[in-house]
Structure formats: C-alpha cells, structure tokens
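These numbers were taken from a predicted model, which means no experiment stands behind them.
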Amino acid sequence: QVQLVESGGGLAQPGGSLRLSCAASGRIFSINSMAWYRQAPGKQREWLAEITAGGFITVEDSMVGRITISRDNAKNTMYLKMNSLRPEDTARYYCNADQVKYYSDSGDYVYTGNNYWGQGIQVTVSS
C-alpha cells in the first residue's frame, strides 16, 4: 500500500540543472526518512542524500554544493535539485523511504514498513 514514483528526469546538458521529485502514495501516516540513490549501468547503487521528517539533511561529501534535497511532508514528496550537471551524473535515480507508517485497510491500525523503493528515473547528461 506504499509506493514511490520518481519524476523530473530526462536529458540535460552539461552545466545544466534538473529537479527530481519523488511522490509517496498510499495510506501513509508518516515517513521517517527519505533518500536519493543513483545507479549507473554496471555500477553499484550509490547513496546521494537523505532527509528526515524533521528536516535533518545528510549529503554525500562529493555532492555537497551541487545537490539540494528537500521534502514537503504534507505532500509526502521529496525533491532533489541538481546543478552543474556533468556526464558522470548520468544514471538511474532512485527514491527510497524508510520507516513508513501506513494505515491498515480498515483504518484501525498503523503499520511500519521499511526500505521502500521507487522504480527509478533516468537522468542523462550529454551535449
């Protein structure tokens, strides 16, 4: 009953900018942590940034200054703003949500689920 959908990807030129969105849907009560990952073909999935419900942000050192993570708790939506894009940024970008509290079908209970993933969205940086 919890799903994540990324949007906002596509083709960008080197030096350009993109903003990705991750919308969580379902009978959600709260999401403790949301994070962005990316994976290039043949490479391991790498963590980029994380943001908690309280707004605490952690960013991978090499990405500091080039990416901005944010979220709108009321919309259960997370964003990733990327600037100064490089060809090396080409990858599939994934949204992750952890410690998600969601209502039962009856609405009488709240469950906690961990480690939800979106299907990813492609970002290609090329001239």
Side-chain angles (χ1 to χ4, degrees):
Q1 285 194 278
V2 178
Q3 60 185 36
L4 307 174
V5 179
E6 300 93 341
S7 62
L11 179 65
Q13 294 186 349
S17 299
L18 281 177
R19 189 179 76 156
L20 305 181
S21 299
C22 171
S25 62
R27 307 185 76 181
I28 296 171
F29 174 73
S30 65
I31 303 174
N32 179 265
S33 178
M34 302 183 75
W36 286 101
Y37 293 74
R38 69 182 180 186
Q39 186 171 27
K43 302 293 190 296
Q44 290 190 62
R45 187 170 298 185
E46 63 175 325
W47 171 83
L48 297 175
E50 178 184 0
I51 183 168
T52 70
F56 187 85
I57 293 172
T58 309
V59 179
E60 200 281 324
D61 287 342
S62 66
M63 295 290 105
V64 172
R66 290 210 302 123
I67 63 173
T68 301
I69 188 171
S70 60
R71 65 187 281 177
D72 185 336
N73 292 339
K75 298 179 180 179
N76 286 321
T77 300
M78 176 180 63
Y79 306 94
L80 182 70
K81 176 69 182 302
M82 301 185 292
N83 57 66
S84 301
L85 289 168
R86 309 163 182 171
E88 307 92 87
D89 294 322
T90 297
R92 193 166 184 88
Y93 285 71
Y94 294 88
C95 174
N96 177 270
D98 194 37
Q99 291 291 302
V100 181
K101 295 185 181 295
Y102 59 95
Y103 296 104
S104 65
D105 290 340
S106 68
D108 294 329
Y109 303 94
V110 175
Y111 302 115
T112 299
N114 301 314
N115 199 32
Y116 294 92
W117 292 93
Q119 292 189 335
I121 190 165
Q122 182 68 31
V123 171
T124 301
V125 183
S126 175
S127 59

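To the nearest 0.5 angstrom, Asn96 atom CG is 11.5 Å from Leu48 atom CG. With rounding to the nearest 0.5 Å, the separation of CZ in Arg71 from OG in Ser33 is 7.5 Å. Taken from CG in Leu20 to CE in Met78, the straight-line distance is 9.0 Å, to the nearest 0.5 Å. Atom OH of Tyr116 is separated from atom CE of Met34 by 12.5 Å, given to the nearest 0.5 angstrom. Here the straight-line distance linking atom CZ of Arg66 with atom CG of Asn83 works out to 7.5 Å at 0.5 Å rounding.
Here the shortest heavy-atom pairing between Ser17 and Ser84 reads OG-N, 4.4 Å. Closest approach of Glu6 and Ile121 over heavy atoms only: CB-CG2, 3.6 Å. Shown here for Ala53 and Asn73, the closest heavy-atom pair between the two residues is O-ND2, 2.9 Å. Annotation for Leu85 and Ala12: closest pair CD1-CB, 3.6 Å, computed over non-hydrogen atoms.
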Practice item. Check the pair Arg27 / Asp105 against side chain to side chain contact (heavy atoms under 4.5 Å, CB included), numbers first and verdict last. Key: CA-CA 8 Å; Arg27 307 185 76 181; Asp105 290 340; 4.1 Å; yes
Exercise for review: Decide yes or no on side chain to side chain contact (heavy atoms under 4.5 Å, CB included) for Glu46 and Glu60, but give the supporting numbers first.
Suggested key: CA-CA 9 Å; Glu46 63 175 325; Glu60 200 281 324; 5.7 Å; no
Exercise for review: Could you walk me through whether Ser126 and Thr124 pass side-chain hydrogen bond (donor to acceptor under 3.5 Å, both in side chains), step by step?
Suggested key: CA-CA 6 Å; Ser126 175; Thr124 301; over 6 Å; no
Review point. Would Gln3 and Ser25 count as a side-chain hydrogen bond (donor to acceptor under 3.5 Å, both in side chains) if you check the C-alpha gap in whole Å, the side-chain angles of each, and the deciding distance to 0.1 Å?
Key: CA-CA 5 Å; Gln3 60 185 36; Ser25 62; 3.3 Å; yes
Exercise for review: Could you give me the CA-CA distance, side-chain angles and deciding distance for Gln99 and Asn114, then say whether side chain to side chain contact (heavy atoms under 4.5 Å, CB included) is met?
Suggested key: CA-CA 5 Å; Gln99 291 291 302; Asn114 301 314; 2.4 Å; yes
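There is no path of hydrophobic side-chain contacts, each under 4.5 Å, that joins Leu18 to Tyr37. Under the 4.5 Å side-chain heavy-atom criterion for Ile, Leu, Val, Met, Phe, Trp and Tyr, Val64 and Phe56 are members of distinct hydrophobic clusters. Hydrophobic clustering of Ile, Leu, Val, Met, Phe, Trp and Tyr side chains at less than 4.5 Å, counting indirect connections, unites Tyr111 with Ile31. By the criterion of side-chain heavy atoms lying less than 4.5 angstrom apart, applied directly or through intervening Ile, Leu, Val, Met, Phe, Trp or Tyr residues, Trp47 is not grouped with Ile69; the two fall into different hydrophobic clusters.
Distance alone, capped at 3.5 Å, is enough to place a donor-acceptor pair between the Asp98 side chain and the Asn115 backbone. With hydrogens and angles disregarded, no donor-acceptor distance shorter than 3.5 Å links the side chain of Arg38 to the backbone of Ala91.
Pairs passing the ring pair (Phe, Tyr, Trp, His ring centres under 6.0 Å) check and including a residue from residues 58-100, sequence neighbours excluded, do not occur.
Residues Trp36 and Met82 form no side-chain contact, since every pair of their non-hydrogen atoms from C-beta on lies 4.5 Å or further apart. In this structure the side chain of Gln119 never reaches within 4.5 angstrom of the side chain of Val5, judged on heavy atoms.
Just one of Val2, Ile28, Leu4, Val100 meets the side chain to side chain contact (heavy atoms under 4.5 Å, CB included) condition when paired with Asn76; it is Ile28.
In this pair, Phe29 and Tyr103 present their aromatic rings perpendicular. The plane angle is above 60°, beyond the 30 to 60° band.
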